Undergrad: 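Please find one structure pasted underneath; my questions will follow.
As the structure is a computational prediction, the values presented were derived from the model and not from experiment. Basis for what follows: all heavy atoms, side chains included, without hydrogens, waters or symmetry-related copies.
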Amino acid sequence: MTSSLISAALSTTLAGADEGVPVSVKIRERVKAAKQRFNANDNIADFIQPGELEALLDEVESKMQGVLDSLVIDTGNDHNTGSTARRVAKMYLNEVFKGRYLPSPRITEFPNAEHLNELMIVGPITVRSACSHHFVPVIGRLWIGVMPNQATNVIGLSKYARLAEWVMSRPQIQEEAVVQLADLIMKKTRPDGLALVMEANHYCMSWRGVRDMDSKMLNSVMRGVFLKDAVLRQEFLSLIPRQR
C-alpha cells in the first residue's frame with residue numbers, strides 16, 4: 001500500500017473514531033496534551049479549530065437545556081423560556097466569556113518617536129466581568145497609569161479598553177483579573193512603570209449572600225517605578241477622579 005493510501009486510510013479511521021465525541025472533550029484533550037491550564041480565567045483560543053466554536057455553542061445549549069429541565073421549568077410550554085438555553089449559550093460563548101474563546105485583539109504598536117516620559121492615565125474604563133464562584137456579574141471601573149520610556153511601544157487609547165475587555169470577559173475574581181491585565185499590558189508596551197486601579201460591584205454580594213448593595217471592591221497593581229517611587233504612585237492615585 002502506498003504512503004498516500006496509508007495516510008488516507010489513517011485519516012478515515014481517525015475521523016471515524018472522532019465521530020460522536022463532544023467538541024468540548026476534543027478541545028480539552030488538546031489543552032491537556034500541550035500541558036496547559038484551562039482554568040475559568042484562561043484563554044484557550046489556540047486549541048479551538050475552525051468551526052468548533054459553533055459546535056461548542058450547540059453543546060452548551062444542550063447542557064443548558066438539561067439545567068432548565070432539572071429546575072423543573074416547562075420550556076416546551078412556557079413562552080418566556082422556550083429559547084432560553086440557546087440565548088444563555090450564546091451569551092456565555094459570544095459575549096460575557098468570549099475572552100476565553102477568542103484570540104487577543106489585534107493591537108497596533110508604534111515606537112515612542114517623541115521619547116515621551118511623562119505620566120499618562122487612561123480611564124475610567126468600564127469593566128464587565130463575572131464572578132467565577134457564582135457566574136454573576138462584576139461591574140465596575142478601571143484606571144490605567146503608564147510611565148513610558150523611549151523603548152516603550154505606544155498603543156492607541158482605545159486599545160487599553162480592548163485589552164481590558166478581553167481579559168475581563170471571562171469568569172474571574174477581581175484580584176487575579178487585574179494582575180492578568182497588568183502582565184498583558186507590560187508585555188505589549190514595556191513601560192518603566194504601570195499602575196492599575198479597579199473598583200467594582202460584585203453581584204455575588206448584592207444579588208445573593210449578604211445582599212449588600214453598597215459594598216465595592218477596590219484593588220490595585222503597581223509595577224516598576226510605581227512600586228518604587230511613592231511620590232509618583234501618589235500622583236497617579238490623586239489624579240484618579242473617583243466619585244462615590
Undergrad: So do D69 and T75 actually touch side chain to side chain, heavy atoms under 4.5 Å?
TA: yes
Undergrad: Can L239 and L119 be said to form a side-chain contact (heavy atoms from CB on, under 4.5 Å), step by step?
TA: CA-CA 11 Å; L239 289 172; L119 172 61; 4.1 Å; yes
Undergrad: Within a strict 4.5 Å, meaning less than it, do heavy atoms of the L227 and R223 side chains meet?
TA: no
Undergrad: Picking from V221, L163, L194, what satisfies side chain to side chain contact (heavy atoms under 4.5 Å, CB included) with L181?
TA: L163
Undergrad: To the nearest 0.5 Å, tell me how far I27 CD1 sits from L53 CG.
TA: 7.5 Å
Undergrad: Return the set of residues passing side chain to side chain donor-acceptor pair (under 3.5 Å) with E52 (not counting sequence neighbours), or none when no residue passes.
TA: R30
Undergrad: Give the intermediate values and the outcome of side-chain contact (heavy atoms from CB on, under 4.5 Å) for residues V96 and R128.
TA: CA-CA 8 Å; V96 295; R128 300 175 185 86; over 6 Å; no
Undergrad: Please confirm whether the backbone N or O of P241 pairs with a side-chain atom of W143, one donor and one acceptor, at under 3.5 Å?
TA: no
Undergrad: Without swapping roles, check the side chain of N201 against the backbone of G140 for a donor-acceptor pair under 3.5 Å.
TA: no
Undergrad: Please find the pair of heavy atoms, one from N41 and one from E176, that lie closest to each other, and give the distance.
TA: ND2-OE1, 3.0 Å
Undergrad: Check the angle between the aromatic planes of F226 and F236 and answer parallel, tilted or perpendicular using the 30° and 60° thresholds.
TA: perpendicular
Undergrad: Between V197 and L237, is any pair of side-chain heavy atoms under 4.5 Å apart?
TA: yes
Undergrad: Do NZ/NE/NH1/NH2 and the carboxylate oxygens of D58 and R86 come within less than 4.0 Å?
TA: yes
Undergrad: Would a 4.5 Å heavy-atom cut-off, applied to side chains only, mark K188 and S104 as touching?
TA: yes
Undergrad: If you compare all heavy atoms of V167 against all heavy atoms of A177, which two are closest, and at what distance to 0.1 Å?
TA: CG1-O, 3.8 Å
Undergrad: Strictly distance-based, threshold 3.5 Å: is any side-chain N or O of R170 a donor or acceptor partner for the main-chain N or O of A40?
TA: no
Undergrad: Are M186 and P191 packed together at the side-chain level, in the sense that at least one heavy-atom pair is separated by less than 4.5 angstrom?
TA: yes
Undergrad: Do the non-hydrogen side-chain atoms of L184 and W166 ever get within less than 4.5 Å of each other?
TA: yes
Undergrad: Which residues pass the side chain to side chain donor-acceptor pair (under 3.5 Å) test with R106, not counting sequence neighbours?
TA: none
Undergrad: Does a donor on one side chain sit under 3.5 Å from an acceptor on the other, for Q172 and S129?
TA: no
Undergrad: For a quick test of reading the model, state the closest non-hydrogen atom pair linking R87 to T81 and the distance between them.
TA: NH2-CA, 4.4 Å
Undergrad: Between R141 (side chain) and A200 (backbone), is there a donor-acceptor pair under 3.5 Å?
TA: no
Undergrad: So, E59 side chain and V23 main chain: donor-acceptor pair closer than 3.5 Å or not?
TA: yes
Undergrad: Given side chains that start at C-beta, do those of V67 and V88 come closer than 4.5 Å, heavy atoms only?
TA: no
Undergrad: Start with the C-alpha distance between M168 and M198, add both sets of side-chain angles, then the distance that settles side-chain contact (heavy atoms from CB on, under 4.5 Å), and finish with yes or no.
TA: CA-CA 11 Å; M168 297 297 171; M198 179 173 164; 3.7 Å; yes
Undergrad: Give the C-alpha distance, both sets of side-chain angles, the deciding distance and a yes or no for salt bridge (Lys or Arg N to Asp or Glu O under 4.0 Å) between K98 and E165.
TA: CA-CA 9 Å; K98 66 181 180 181; E165 181 187 28; 3.4 Å; yes
Undergrad: Would you find more than 12 non-hydrogen atoms of other residues, nucleotides or ligands less than 6.0 Å from Y203 atom OH?
TA: no
Undergrad: Measure the OG-CD distance between S24 and E29 for me, rounded to the nearest 0.5 Å.
TA: 10.0 Å
Undergrad: Treating N43 as the side-chain partner and P103 as the backbone partner, does any N or O pair qualify as donor plus acceptor under 3.5 Å?
TA: no
Undergrad: Using a 4.5 Å cut-off on heavy atoms from C-beta on, say whether the side chain of M217 contacts that of M205.
TA: no
Undergrad: Between NE2 of H79 and CG of N77, what distance do you get to the nearest 0.5 Å?
TA: 11.5 Å
Undergrad: Do you know the tightest heavy-atom contact between F47 and Q36?
TA: CZ-CG, 3.7 Å
Undergrad: List the atom of I185, the atom of T189, and the distance in Å for their closest heavy-atom pair.
TA: O-OG1, 2.7 Å
Undergrad: What is the minimum heavy-atom distance between P105 and R162, and which atoms define it?
TA: CG-O, 4.0 Å
Undergrad: Applying side chain to side chain donor-acceptor pair (under 3.5 Å), name anything that partners S62, two or more places apart in sequence or on another chain.
TA: none
